[in-house]
Amino acid sequence: MEKGAYDVNAIEKKWQEHWEANKTFKTWDPACIDPESPCDGSKPKYYVLDMFPYPSGQGLHVGHPEGYTASDIVARYKRMKGFNVLHPIGWDAFGLPAEQYAIQTGTHPAQTTQRNIDNMRRQIKSLGFSYDYDREVDTTDPNYYKWTQWIFLKFFNSYFDEAEQKARPIDELPIPEALSGEERRKYIDEHRLAYESEAPVNWCPALGTVLANEEVVGGLSERGGHPVIRKPMRQWMLRITKYCERLLEGLDEVDWPESIKKLQFDWIGKSIGAEVDFKVDGREDVIRVFTTRPDTLFGATYMVLAPEHPLVDVITTADRKAAVQQYREGASRKSDLDRTDLAKEKTGEPTGAYALNPVNGERIPIWISDYVLISYGTGAIMAVPAHDERDWEFATKFNLPIIQVVAPREPVEGCFAGEGVAVNSGDFTGLSTAEFKLKITDWLEEEGLGTRAVNYKLRDWLFSRQRYWGEPFPIIHAQDGEVVPLSEGDLPLTLPEVEDYKPMGTGEPPLAKSADWLNVTLPDGRKGTRETNTMPQWAGSCWYYLRYMDPDNAEAAFAKAKEEYWMPVDLYIGGAEHAVLHLLYSRFWHKLLYDLGYVSMPEPFKKLINQGMILGEDGQKMSKSRGNVINPDNVITQYGADSMRLYEMFMGPLEATKPWNMQGVEGVHRFLNKAWRLMVDEETGELAAAVQDVPADEATTRLLHQTIKKVGGDVESFGFNTAISQMMIFVNHMMRLDARPKDALEKFVLVLAPFAPHVAEELWQRLGHDETLAYEPWPQYDPELVKEKEIELAVQVLGKIKDKIVVAADAGEDEIKETALASEKVQAAMGGKTPKKVIVIKSRLVNIVV
RNA sequence: GCCGGAGUGGCGGAAUGGCAGACGCGCGGGAUUCAAAAUCCCGUCCUGGCAACAGGGUGUGGGUUCAAGUCCCACCUCCGGUACCA
């Protein structure tokens, strides 16, 4: 230990042990719920949540403690402000790395996971976060995933009531009387919110699993960047699309960064338009298209079907069959990556068939092309090349006619996709785009040719993975084809032991390797096999914030009374990378639980903050290959957890991306040492002689009250960096005093405590207190004492500063004016002219206009 | 392409439309020391000047205003997200 520095490691260890031994941060439910509880039920509650980490073998990186420190400061601050604070932590522990390791080494993923959790818990504890570790959850614990499976059964056993726009138990589903037996069963299965589907999916051969749309980025897997191809497979899906509208509406209620809301808004991708029927010339078949621009119907010069569209086989003429078939096969084999790459050059084939434009009877050719997606809208479009960039490109390449039907306000080259005035549009000519849309939609509805329609980009959530290390589905496939859910009493369905963890290449998951587990006999004697897919990693994180409220409950996922007390999450801090994945999925789950009456509010996360990324010292993203990774353990050993916490907050605004700088850690470490020496004698280790029971002088009192005000206000608005600056100013001031008023120092220690809790506790104790300061009331400031007595004003002439004057804080406008005009420098700058106008901004400046 | 966010000293950053650069890092000088480390004090936006001081300055160009880093318009650069969604 250097001279002038306190013994960081000893003090931090001492207090971490103290908190643990005394259960300082145990969170009690209010006495009305738990009769044993010492918690005063009249206290307001505050739920501060961190996005729980994946326990990786790498352990914590410096990005984790950033959000965790911010939330810990808020949690500690709120406790001092008299809130009953829930501040938990847990482990999002299912996931690929542990399974990949198992495939390579044969180590059970549970073992690897446990080891990683233990290491990360150690690291997190070493930072002195005030979590209630009795509430830890681990998504891989059967006592936890029992309830994940339970929620899955809720999805399975529910349908969506369109009229009420909410989920209801499947028993309440109205079933057409005519149906019975197999048909009836099929009807019910088709309405479940969890359903099976044989659909083309994102298959990643390298990972041996399918991926959700959200996990595929630019045709490559989000994890690992492996190619992804489309392949039809049987999969479990969750009907998130039923909730599009409510997921959009809910965004209005929450206090989230606008950018995140917009990301979700765009991901859901609502578009309003019309569906229009085009008759196929010479046939009874009708092609239905979706368009957001029904006002351009007169400009539709051809149609395009997605290669997978069911009518392609029906309408293709004999002479086109071979070419069309070849194109379809090519498209189906293309990976998403290829499709994206080839996006620059449009391809397609005419089917030989023609359609009739419903507005003018024009005969227009029908093509197929992979620029039309089967999964959006109706899988078919009317092409209006004059007013759609993609159609323009296609029409230009294949020499298809282009007819202008919208006149732009100012002439433009090429395609015009904006709004304007209709031309070449029969009776509708002359209408504005907006008017046209309304009129033509009405007309289409009257004529029975179309209808207004809404489409969403969001697709149903592909909810199964061909992996070992995930929650097993509580589902049995009976021999006769019926899908039978386990009863709630049979949960949890635990993972079987298997000899090895490799997927079977064919897409058959590793669970199929365990025959004992796989084959079952149902209570009614039928034989069946268990579902061998497992749930995706997102499943466990969809509801963990609810389990924290009641982590040991064996009877329910959580008790209703506890949910009513603690929810919603008042503050949720985590990385922006979860903007559309975790945050959308968990909102969806929450809404199901809300519909079924298990939770009391439709939105789980009231306020959301994204911490920014921390870059390496070279300003680049931290990565092993660049060798610029900062290991928190090393920083803590060298400078201590308090310095680590303080530095992470001092670097800049929480949301910003900012580079690490080891010398900056030194800087805050010096500040803590200074604060220490303010109160402790370096030589003797006793309380410094300068610490005295004397009243603070005026300047000190004022600065103290300013500091209490500033730090409190900054914590409330998450401006941690400026709060720390203010504390530095206070310490710099106190250092100069020979007699340091003890009362002011005590208040300062309390203010410092949420940021640097270890050193604050130690100083608090040395100042003569026996109890932890964690529940000491946050010091109050007196608004009167915050005010300066005398203030310096800048005096400007024509906006340029010429002099500074000092006046009493309560000086009137006239007095200030007089003082300002009396200044020699001001007189000189005015050059004898008379002031035209004198602007006095109290406590700021004076501007003289001549 | 489109959608976000950001451009302020050598660096991280601070500034309800009101004194640009708080606080910290770094750097320069001094004190202390046999010396160093640590600590303390002074200085540190740029240009000119010994100095008092003068002039310039928040990516670029315009505008609004008594007053613009902050508001408006156009543009440039960087970072992040996204990709044929009709």
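Letters A, B, ... mirror the listed sequences (proteins, then strands); counts begin at 1.
At a threshold of 4.0 Å, the pair A:Glu66-A:Lys658 counts as salt-bridged, since one of the basic side-chain nitrogens sits closer than that to a carboxylate oxygen. Ionic pairing of A:Arg328 and A:Glu308 is not present here: no N-O contact between side-chain nitrogen and carboxylate oxygen is shorter than 4.0 angstrom. Salt-bridge annotation for A:Arg702 and A:Glu788: present, with a side-chain N of the basic residue lying under 4.0 Å from a carboxylate O of the acidic one. Using a 4.0 Å cut-off between charged nitrogen and carboxylate oxygen, A:Glu345 and A:Lys397 count as a salt-bridge pair.
As rounded to the nearest Å, B:G57 and B:G9 have P atoms that lie 14 Å from one another. Nucleotides B:G13 and B:U64 place their P atoms 34 Å apart, quoted to the nearest Å. Atom C1' of B:G48 sits at a distance of 30 Å from the matching atom of B:G62, rounded to the whole Å. One C1' atom belongs to B:U77, the other to B:U39, and the distance between them is 44 Å to the nearest Å. When the C1' atom is used for both B:C19 and B:C27, the distance is 26 Å, rounded to whole Å. Spacing of C1' atoms, B:G59 relative to B:G55, comes out at 23 Å, to the nearest Å. Spacing between B:G80 and B:A37 at atom C1', rounded to whole Å, works out to 43 Å. Comparing B:C3 with B:A86, their P atoms are spaced 15 Å from each other, to the whole Å.
Residue A:Asp803 contributes atom CG, which lies 21 Å from atom P of B:G18 at whole-angstrom precision. For A:Met662 and B:G26, the CE to P distance is 14 Å, given to the nearest whole Å. In this structure, A:Lys658 places its NZ atom 17 Å from C1' of B:C25, rounding to the nearest Å. The CZ-P distance, from A:Arg844 to B:U16, rounds to 8 Å in whole Å. Nucleotide B:C84 holds its C1' atom 14 Å from the NZ atom of A:Lys397, rounded to whole Å. A:Ile848 has its CD1 atom 16 Å from the P atom of B:C66, to the nearest Å. Residue A:Glu666 contributes atom CD, which lies 12 Å from atom C1' of B:A37 at whole-angstrom precision. A:Asp618 places its CG atom 16 Å from the P atom of B:C11, with the value rounded to the nearest Å.
Looking at heavy-atom distances under 4.0 Å, A:Ile841 makes contact with a base. Nucleic acid contact class of A:Asp391 (heavy atoms, under 4.0 Å, all strands): none. Residue A:Gln726 is classed as having no contact, given no heavy-atom separation below 4.0 Å to the nucleic acid. Counting any heavy atom pair closer than 4.0 Å across all strands shown, A:Ser271 reaches sugar-phosphate atoms only and no base atom.
Closest contact between the side chain of A:Lys621 and the listed nucleotides B:A86, B:C84, B:G80 involves B:G80. Out of B:G18, B:C19, B:A22, the shortest distance to the side chain of A:Ser725 is found at B:A22. Comparing B:G55, B:G13, B:G81 by their nearest atom to the side chain of A:Pro653 picks out B:G13. In this structure, of B:A86, B:A15, B:G18, it is B:A15 that holds the atom nearest to the side chain of A:Thr722. Listed nucleotides B:C19, B:C3, B:G26 differ in distance to A:Ile801; the shortest reach to its side chain belongs to B:C19. In this structure, of B:C23, B:C84, B:C66, it is B:C66 that holds the atom nearest to the side chain of A:Asn847. Distances were taken from every side-chain heavy atom of A:Arg670 (C-beta onward) to each of B:C25, B:C66, B:G4; the shortest belongs to B:C25. Of the candidates B:C23, B:G18, B:G12, the closest approach to any side-chain atom of A:Leu845 belongs to B:G18. Here B:C40 is the nucleotide among B:A20, B:C40, B:A86 with the atom lying nearest to any side-chain atom of A:Met735. Relative to the side chain of A:Met728, the nucleotides B:C23, B:A14, B:U16 differ in distance, and B:C23 lies closest.
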Discussion item. Side chain to side chain contact (heavy atoms under 4.5 Å, CB included) for A:Tyr639 and A:Glu666? Distances and angles first, verdict last.
Written reply: CA-CA 8 Å; A:Tyr639 299 99; A:Glu666 277 292 337; 3.0 Å; yes
Check: Going through the checks in order, is the side chain to side chain contact (heavy atoms under 4.5 Å, CB included) test met by A:Leu608 and A:Met51?
Finding: CA-CA 11 Å; A:Leu608 174 75; A:Met51 286 183 187; 4.2 Å; yes
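Across all strands shown, B:C45 forms a Watson-Crick or G-U wobble pair with B:G56, both key distances being under 3.5 Å. Pairing for B:U33 is absent, judged as Watson-Crick or G-U wobble with the two contacts each under 3.5 Å. Nucleotide B:C84 is matched to nothing when pairs are restricted to Watson-Crick or G-U wobble geometry with both distances under 3.5 angstrom. With a cut-off of 3.5 Å on both Watson-Crick or G-U wobble distances, the partner of B:C78 is given as B:G5. Across the strands present, B:U16 finds no partner; the criterion is a Watson-Crick or G-U wobble pair with both atom distances under 3.5 angstrom. Across the strands present, B:A38 finds no partner; the criterion is a Watson-Crick or G-U wobble pair with both atom distances under 3.5 angstrom. Within the shown strands, nothing qualifies as a pairing partner of B:A68 under the Watson-Crick or G-U definition with both distances less than 3.5 Å. For B:G61, the paired nucleotide is B:C73, the pair qualifying as Watson-Crick or G-U wobble because both relevant distances are below 3.5 Å.
Each of A:Asn732 and A:Lys262 was matched to the nucleotide of RNA chain B holding its nearest heavy atom; the match closer to the 5' end belongs to A:Lys262. In terms of position along RNA chain B, the nucleotide closest to A:Asp266 lies nearer the 5' end than the nucleotide closest to the other residue of the pair A:Asp266 and A:Leu793.
Residue A:Asn673 places no side-chain N or O under 4.0 Å from the OP1 or OP2 atom of B:U39. Residue A:Lys800 has a polar side-chain atom (N or O) positioned under 4.0 Å from OP1 or OP2 of B:G56. Considering only side-chain N and O atoms, A:Arg736 lies nowhere under 4.0 angstrom from the phosphate OP1 or OP2 of B:C40. In this model, the phosphate group of B:G81 is not approached by any side-chain N or O of A:Ser259 to a distance below 4.0 Å at OP1 or OP2. Contact annotation: A:Arg677 reaches the phosphate of B:C40 (side-chain N/O to OP1 or OP2, under 4.0 Å).
The environment of A:Lys709 atom NZ is sparse: at most 12 non-hydrogen atoms of other residues, nucleotides or ligands sit within 6.0 angstrom. The neighbour count for A:Glu818 CD, taken as heavy atoms of other residues, nucleotides or ligands under 6.0 Å away, does not exceed 12.
Looking at A:Asn661 and A:Tyr647, their side chains never bring a donor and an acceptor atom within 3.5 Å of each other. In the model, A:Tyr327 has a side-chain atom that pairs as donor or acceptor with a side-chain atom of A:Thr347 under 3.5 Å.
Interface remark: the A:Lys346 side chain does form a donor-acceptor pair with the B:C84 base, using a distance-only criterion of under 3.5 Å. Between the side chain of A:Lys804 and the base of B:C19, at least one donor-acceptor pair of N or O atoms lies under 3.5 Å.
Base orientation of B:G9: syn, since the glycosidic angle falls within 90° of 0.
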